[in-house]
Structure formats: structure tokens, C-alpha cells
Amino acid sequence: MKSKKAIGAMWILALLPVVLVLVCLPGLPERVPTHWNLDGTVTYSSRAALWILAGISPAVAALFQFLPRLDPKRRNYEKFQGWYDGMGVLLALFLLLCMVITLSESLHPGRISVSRAIGLAIGVLFLVIGNMMGKVKSNWFMGFRTPWALSDPDVWNKTQRMGGRVIFIAGLSCFPLSLLAPEKVFLGIFLLILFGGVALTYVMSWKWYREKRAS
């Protein structure tokens with residue numbers, strides 16, 4: 001990441017889960033919810049588990065900031081730097097939302113429909129990622145890194161555009177499904193759209209590569 005504002009915003013958002021756990025810790029019960037099953041049951045863990053959850057955000061932020069330095073194709077990041085910086089901020093915001101929901105349910109169980117709230121958040125996240133994918137240039141850490149896409153820039157661009165549409169459609173489906181469908185139906189349809197689209201993207205990436213080699 002090169003934008004100082006984006007780096008600052010990402011790290012502020014990434015560290016907020018740690019701050020929230022620290023502030024809320026005295027009022028939390030000894031056992032807190034850490035996992036919600038599709039059948040409505042909740043898995044509880046000790047309060048110490050919250051520190052692990054809170055630590056995910058700064059760990060992701062660190063990876064997001066430093067992985068490009070390890071990428072042999074690091075110069076390509078400059079071609080989509082703005083999108084990359086924005087994605088780091090968005091991921092930190094998503095993880096912060098997950099922590100807020102966890103703490104809210106720890107202090108006031110049942111106040112939030114967790115599956116629907118997370119479903120809507122994933123929808124927003126996927127809409128942004130899907131819109132971004134077509135801008136991502138060849139690299140080893142982001143995008144649909146099929147062997148055929150990594151071997152040819154034209155195939156890479158086509159693969160990312162198609163993959164972006166798949167992610168966008170999957171994200172769009174989250175809104176009606178998370179609001180109207182039972183949790184199991186929502187997850188089943190969402191995964192069918194996502195994995196079916198991803199599989200088709202890989203097939204098309206191979207097809208475009210074969211066509212270009214044959215021409």
C-alpha cells in the first residue's frame with residue numbers, strides 16, 4: 001500500500017477490535033459467543049478467544065501492506081494501487097463489523113440476527129470486490145490466479161473480468177437471500193452461485209488460453 005491516508009485508515013480500523021475488546025472486557029460474561037450455526041445454535045468460548053478474533057484484523061492489515069513487497073510482479077500493483085488500498089480499508093472495516101456484532105451478542109444476546117447481518121455485510125464486500133476484479137493486473141496474491149491467466153496478460157484480463165462478474169452476482173444475491181430466505185437456503189444458493197461461477201471462470205480461462213495458443 002502506498003497511500004498514507006489509506007494505510008492510516010486501515011490500521012485504525014484494524015486496531016479498533018483490540019480496543020473494543022479491552023474496553024468491553026470488564027462487562028463481558030465468562031463465556032462469549034464465537035460461532036453461530038445454521039440451525040440457530042451458538043458455540044461459546046472463554047473470553048480469551050476474543051483476543052484471538054481481535055488479532056486477526058491487525059494480522060490481515062500487516063499482510064495486506066507487506067505482501068506486495070514479496071511479489072515478483074510488484075510493479076503491477078501500481079496499475080491498480082487505488083483499488084488495492086481501498087480493499088485493505090474495506091476488509092478492515094468488515095472485520096471490525098464482525099467484532100462489533102460478536103461483542104453486541106456477548107453483552108445483549110439475541111439483539112441482532114447474526115446470520116442476516118453478516119450476510120448483508122458479505123454482500124457489500126463482494127459487490128466491491130467484484131467491481132474491482134477487472135482492474136487487478138497480473139500478480140501472485142490477488143485475483144483468479146489460474147495457470148493460464150498467469151501465462152498470458154490477455155487471458156488474465158478476461159479471467160478477472162469474468163471472475164469479477166461472478167463475485168458481484170454472488171454479492172448481489174446476498175441481499176434478498178439474507179433478508180428473505182432461511183439461513184440454510186441462503187447459504188446453499190449463495191455457495192452454488194459462487195462456486196459454480198468460479199468453476200466456470202476456471203474453465204473459460206483455460207479455453208481462452210487454448211484459443212490464443214491455437215491462433
Side-chain angles (χ1 to χ4, degrees), residues 1-15 17 52-53 55-98 121-172 174 190-191 193-215:
M1 300 182 77
K2 290 192 174 182
S3 169
K4 292 182 179 180
K5 290 183 179 179
I7 293 173
M10 181 183 68
W11 276 104
I12 289 172
L13 292 170
L15 292 173
I52 299 175
L53 297 177
I56 293 174
S57 293
V60 169
L63 283 173
F64 218 82
Q65 184 173 354
F66 293 110
L67 276 180
R69 302 182 185 184
L70 306 176
D71 197 328
K73 299 186 177 184
R74 64 179 65 89
R75 291 187 178 180
N76 280 347
Y77 285 80
E78 297 177 0
K79 301 175 183 177
F80 61 100
Q81 192 69 53
W83 287 95
Y84 184 80
D85 292 347
M87 183 53 57
V89 174
L90 183 65
L91 284 174
L93 183 61
F94 175 78
L95 292 172
L96 173 61
L97 176 62
C98 292
I122 290 174
V124 173
L125 183 67
F126 272 44
L127 287 179
V128 177
I129 293 176
N131 188 53
M132 168 191 154
M133 288 305 302
K135 315 293 192 304
V136 175
K137 300 306 177 184
S138 183
N139 70 92
W140 287 98
F141 294 119
M142 290 188 68
F144 287 80
R145 301 176 308 280
T146 73
W148 313 287
L150 289 168
S151 300
D152 186 276
D154 292 331
V155 176
W156 172 275
N157 291 333
K158 289 180 179 180
T159 303
Q160 306 319 304
R161 285 195 293 268
M162 182 172 180
R165 294 189 191 101
V166 168
I167 294 176
F168 188 91
I169 292 170
L172 198 61
C174 286
F190 172 74
L191 292 179
I193 294 172
L194 181 61
F195 288 119
V198 168
L200 181 60
T201 300
Y202 269 72
V203 170
M204 291 304 299
S205 183
W206 169 79
K207 182 174 181 293
W208 288 322
Y209 180 78
R210 289 289 301 271
E211 289 175 348
K212 186 163 185 181
R213 288 290 299 272
S215 62

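Without hydrogens or angle criteria, Asn76 side chain to Lys137 main chain gives no donor-acceptor distance under 3.5 Å.
The nearest pair of heavy atoms linking Lys135 to Phe80 is O-CB, 3.3 Å. The shortest heavy-atom contact between Met87 and Ile129 is CE-CG1, 3.4 Å.
Taking OG1 of Thr146 as the start and OH of Tyr209 as the end, the distance is 10.5 Å to the nearest 0.5 Å. Summarising the geometry, atom CD belonging to Glu211 is positioned 7.0 Å from atom NZ belonging to Lys158; distances are rounded to the nearest 0.5 Å. Taken from NZ in Lys73 to CH2 in Trp140, the straight-line distance is 6.0 Å, to the nearest 0.5 Å.
In this structure, the side chains of Trp156 and Ser205 stay at 4.5 Å or more apart for every pair of heavy atoms. For the pair Val124 and Leu127, the minimum side-chain heavy-atom distance is 4.5 Å or more. Between Val60 and Leu95 the shortest side-chain heavy-atom distance falls below 4.5 Å. Side-chain contact between Trp83 and Val136: absent, with no pair of heavy atoms (C-beta onward) separated by less than 4.5 Å. In this structure, the side chains of Ser57 and Leu15 stay at 4.5 Å or more apart for every pair of heavy atoms. By the 4.5 Å heavy-atom criterion applied to side chains, Pro68 and Phe141 are not counted as neighbours.
In this structure, Phe64 and Tyr84 have parallel ring planes: the angle between them is below the 30° cut-off, well short of the 60° mark.
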